[in-house]
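Only one structure is covered here, and it is reproduced in the block below.
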Amino acid sequence: MIRLSQLFLTTLRDDPVEAEAASHRLLLRAGYIRRAGAGLFAWLPLGLRVRRRIEEVIRQEMTAAGAQEVLFPGLLPREPYERSGRWKAYGDGIFRLQDRKGADHLLAPTHEEVFTLLVQDVVSSYKQLPVTIYQVQDKYRDETRPRAGLLRAREFTMKDAYSFDVTDEGLAASYQAQRDAYERIFQRLGLEYVIVTADNGLMGGAKSEEFLHPTAVGEDAFVQSAGGYAANVEAFTTLAPPAIPFGDAAEAVVRDTPATPTIDTLVAHANEHVARDEPWTAADTLKNVVLALTHDDGTRELVVVGIPGDRDVDEKRAEVAFAPADVGQATEADLAANPGLVKGYIGPWSAAGPVLGEQSTTGIRYLLDPRVVEGTTWLTGANEEGRHVFGLVAGRDFVGDGTIDVASVRAGDPAPDGSGPVTIERGMEIGHVFQLGRFFAETLGLQVLDESGRLQTVTMGSYGIGVTRNLAAIVEAHHDDKGIVWPREIAPFDVHVVATGRDEAVFALAEQLVADIEATGLEVLFDDRPKVSPGVKFRDAELIGVPRVVVVGRGATEGLGELWDRATGERAEVRLDEVVARLQQG
RNA sequence: CGGGGCGUAGCUCAGCCUGGCUAGAGCACCCGCUUUGGGAGCGGGAGGCCGCGGGUUCGAAUCCCGCCGCCCCGACCA
């Protein structure tokens, strides 16, 4: 039993200004965490208890899935990350430091390298595989902008597991075991989730899925179809329509379109001056966006991306599509250096002939949206100030240097697997399972002998759950205007007993009740504070969010108390000698 | 890293524009009395490098310069 009169805790009556997100605000106010720096938090007793309960759920399911717990330091030497290339790839995203001898170290953002080396150290035969090992460890990332408290912190706790197999089939099975464990974990944590196809990101690899918790405060956008398709928008692939025969299509015509440097102005001009059965729309236009790529070796390259005019380049999708190069906007200077491209009127073709694509006169790569298939007809820039070309046919008048899938995704777009139109929602990444394949094993030299005595490169998976982020996600999902409403599985206590009034006999009865409840194995937070008014105690109980509250006060000497359900708000008068039984019933 | 905002007591904020007594309020905290079923009342008290450094001035929380930190939006990331 923990007595509130003794607990290292102070609740705040006012919302801290710095906290916007509900989880951040409530965890601060209810005294679970305190800010220690930007994106850095101290854990108070209440917060630690919840953290440990979440970790316990995770540990149980990891054990059930056959994974074994180990623990690495958070501080690691540079060398393994140098070998994998991530020392460089992470750029400013990690904390780097030097020891007194000047040797580079880092605060680990994730531990693939050292787990790989540990297995290399311990394992030499296929007989010792497969194995899945995990840890619950703090990770460090030098976020440019930590936000929303625990949702994006610079130090956060993560359960990261790594599987090691000899065969692809083995990896698939290890992956599935973790994926199944994740489903059980999130069910137990009371977190709704959607499993979406993810981008493979920094680590390469074959297959990757994210567990996204749908919420408005989520930083990811994902799509879903009624037919079961689900993907992060970064991983969404656009379905290309079939090609259209263009044998009888009319010749392209260049027209004067003064003062039409944007899609909106162009469409308005076309509708005013160029008759057609259907009104012109942005979807009839081909928008050509100049992007500046920065490659790994530091070289800069301009590319032009052609997408339907009713869409934008989605920067996140572009980063993925052009990875590992960084994507930026082209500057005025870039355009000035390429007089063939006229800002506001860029297109693959001009009256003088092709400008971009296969017969390019600019030397700039021209990549097309998958929807720009052969035979489609477009209204697009003619590379002259105030002129556009109407009826330009893909495959006849211009051919791109390839396709690129970077256009924004919209609700209603068809899922690539044919399962129907998609909807778009926001979600928070609460878990990530990933078939890494052999990248790390290859670069770090992890091989084992197979049955025939030959060396085989091991294939790996990595599986992460952000413990502290999940804690915040749970608060986001389980709170009301009065405070937190913890799911029972991870609440800091099972029961919150509130003694009210100033009658010592009442407090003695409450004390006895607490002992009786604890005898059944339930953990109790006991508000035994003397001289604190009932209103304050009730408010604190609601703020702290223990699922069930027992009030011992008015009526206690007649053997009556109250049992409150924090989640439903139900309040029932119960006989004190029946409280234990009622709590056990659930 | 771009845009916006803010640094005054544990929390929320006033004071700054227009420089001037000992720097304020509410909440929280301590003592006493009263009160005890929804953030109680009265009285007393403790608590401040007014973010840091420099400058202007007889005098700076207030004006000027520089720096640092934090929050929010965006970009980047679990």
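The sequence lines fix the lettering, A, B, ..., with proteins before strands; numbering per chain opens at 1.
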Problem set entry | Base of B/G39 paired with side chain of A/R529 (donor-acceptor, under 3.5 Å) |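 Between B/G39 and A/R529, which were checked side chain against base, a qualifying N/O pair under 3.5 Å is absent.
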Using Watson-Crick or G-U wobble geometry with both distances below 3.5 Å, tell me the partner of [N], or none.
| N | answer |
| --- | --- |
| B/C42 | B/G32 |
| B/G74 | B/C1 |
| B/A60 | none |

What's the closest nucleotide to the side chain of [X] if the choices are [options]?
| X | options | result |
| --- | --- | --- |
| A/V536 | B/G74, B/G38, B/A40 | B/A40 |
| A/T144 | B/G39, B/C1, B/C70 | B/C1 |
| A/E219 | B/G39, B/C72, B/C76 | B/C76 |
| A/R145 | B/G74, B/A40, B/G38 | B/G74 |
| A/R554 | B/C72, B/G37, B/G38 | B/G37 |
| A/A38 | B/G39, B/C76, B/C70 | B/C70 |

For this session: Using the test ring pair (Phe, Tyr, Trp, His ring centres under 6.0 Å), find all partners of A/F526 that sit at least two apart in sequence or belong to another chain.
Result: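 Scan of A/F526 (ring pair (Phe, Tyr, Trp, His ring centres under 6.0 Å), adjacent residues dropped) gives none.
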Whole-Å gap separating [atom2] ([N]) and [atom1] ([X]):
| X | N | atom1 | atom2 | value |
| --- | --- | --- | --- | --- |
| A/R86 | B/C77 | CZ | P | 14 Å |
| A/I94 | B/C77 | CD1 | P | 14 Å |
| A/E542 | B/G37 | CD | P | 16 Å |

Seminar exercise, completed: Going 5' to 3' through nucleotides 47-52 of chain B and flagging B where a protein heavy-atom sits under 4.0 Å of the base, S where only the sugar-phosphate is that close, and - otherwise, we get ------
Span that lies between the [atom1] atom of [M] and that of [N], in whole angstrom:
| N | M | atom1 | value |
| --- | --- | --- | --- |
| B/U62 | B/G53 | P | 12 Å |
| B/A23 | B/G59 | C1' | 16 Å |
| B/A60 | B/C50 | P | 13 Å |
| B/C16 | B/A61 | P | 14 Å |
| B/C49 | B/U8 | C1' | 12 Å |
| B/C71 | B/C11 | P | 14 Å |
| B/U18 | B/C64 | P | 9 Å |

For this session: Could you walk me through whether A/R566 and A/V546 pass the side chain to side chain contact (heavy atoms under 4.5 Å, CB included) test, one step at a time?
Result: CA-CA 7 Å; A/R566 178 67 182 87; A/V546 172; over 6 Å; no
Tabulate protein N/O versus nucleotide N/O from nucleotides 6-11 of chain B, keeping only pairs under 3.5 Å, one per line.
none

In chain order, what residues pass the side chain to side chain donor-acceptor pair (under 3.5 Å) check against [X], with sequence neighbours excluded?
| X | value |
| --- | --- |
| A/H432 | A/S208, A/E429 |
| A/D104 | A/R78, A/Q98 |
| A/Q135 | A/H111, A/D160 |
| A/R311 | A/D413 |

Problem set entry | Counterpart residues, salt bridge (charged side-chain N to carboxylate O under 4.0 Å, His left out), relative to A/E183 (two or more places apart) |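 Checked A/E183 against salt bridge (charged side-chain N to carboxylate O under 4.0 Å, His left out); matches are A/R179.
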Exercise. Got a sec, which residues hit salt bridge (charged side-chain N to carboxylate O under 4.0 Å, His left out) with A/R3, two or more places apart in sequence or on another chain?
Worked result: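 Result, salt bridge (charged side-chain N to carboxylate O under 4.0 Å, His left out) vs A/R3: A/E511, A/D528.
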For this session: Just say parallel, tilted or perpendicular for the rings of A/F236 and A/Y229, cut-offs at 30° and 60°.
Result: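 Plane angle over 60°, so perpendicular.
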Problem set entry | Enclosure of A/Q68 CD (heavy-atom neighbours >12, cutoff 6.0 Å) |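 At most 12 heavy atoms, drawn from other residues, nucleotides or ligands, come within 6.0 Å of this atom.
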For this session: Among residues two or more places apart or on two chains, list those pairs meeting ring-ring contact (aromatic ring centres under 6.0 Å, His included) that have a residue in residues 537-573 of chain A.
Result: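 Listed by first then second residue: A/F538-A/W564.
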For residues 212-219 of chain A, please give each side-chain donor-acceptor pair under 3.5 Å, one per line with the distance, not counting sequence neighbours.
unit_1 : atom_1 : unit_2 : atom_2 : d
A/H213 : ND1    : A/E192 : O      : 2.7
A/T215 : OG1    : A/V217 : N      : 3.2
A/E219 : OE1    : A/R152 : NE     : 3.1
A/E219 : OE1    : A/R152 : NH2    : 3.1
A/E219 : OE2    : A/R152 : NE     : 3.2

I'd like a list of close polar pairs between nucleotides 29-36 of chain B and the protein, N/O only, cut-off under 3.5 Å.
unit_1 : atom_1 : unit_2 : atom_2 : d
B/U36  : OP2    : A/R502 : NH2    : 3.2

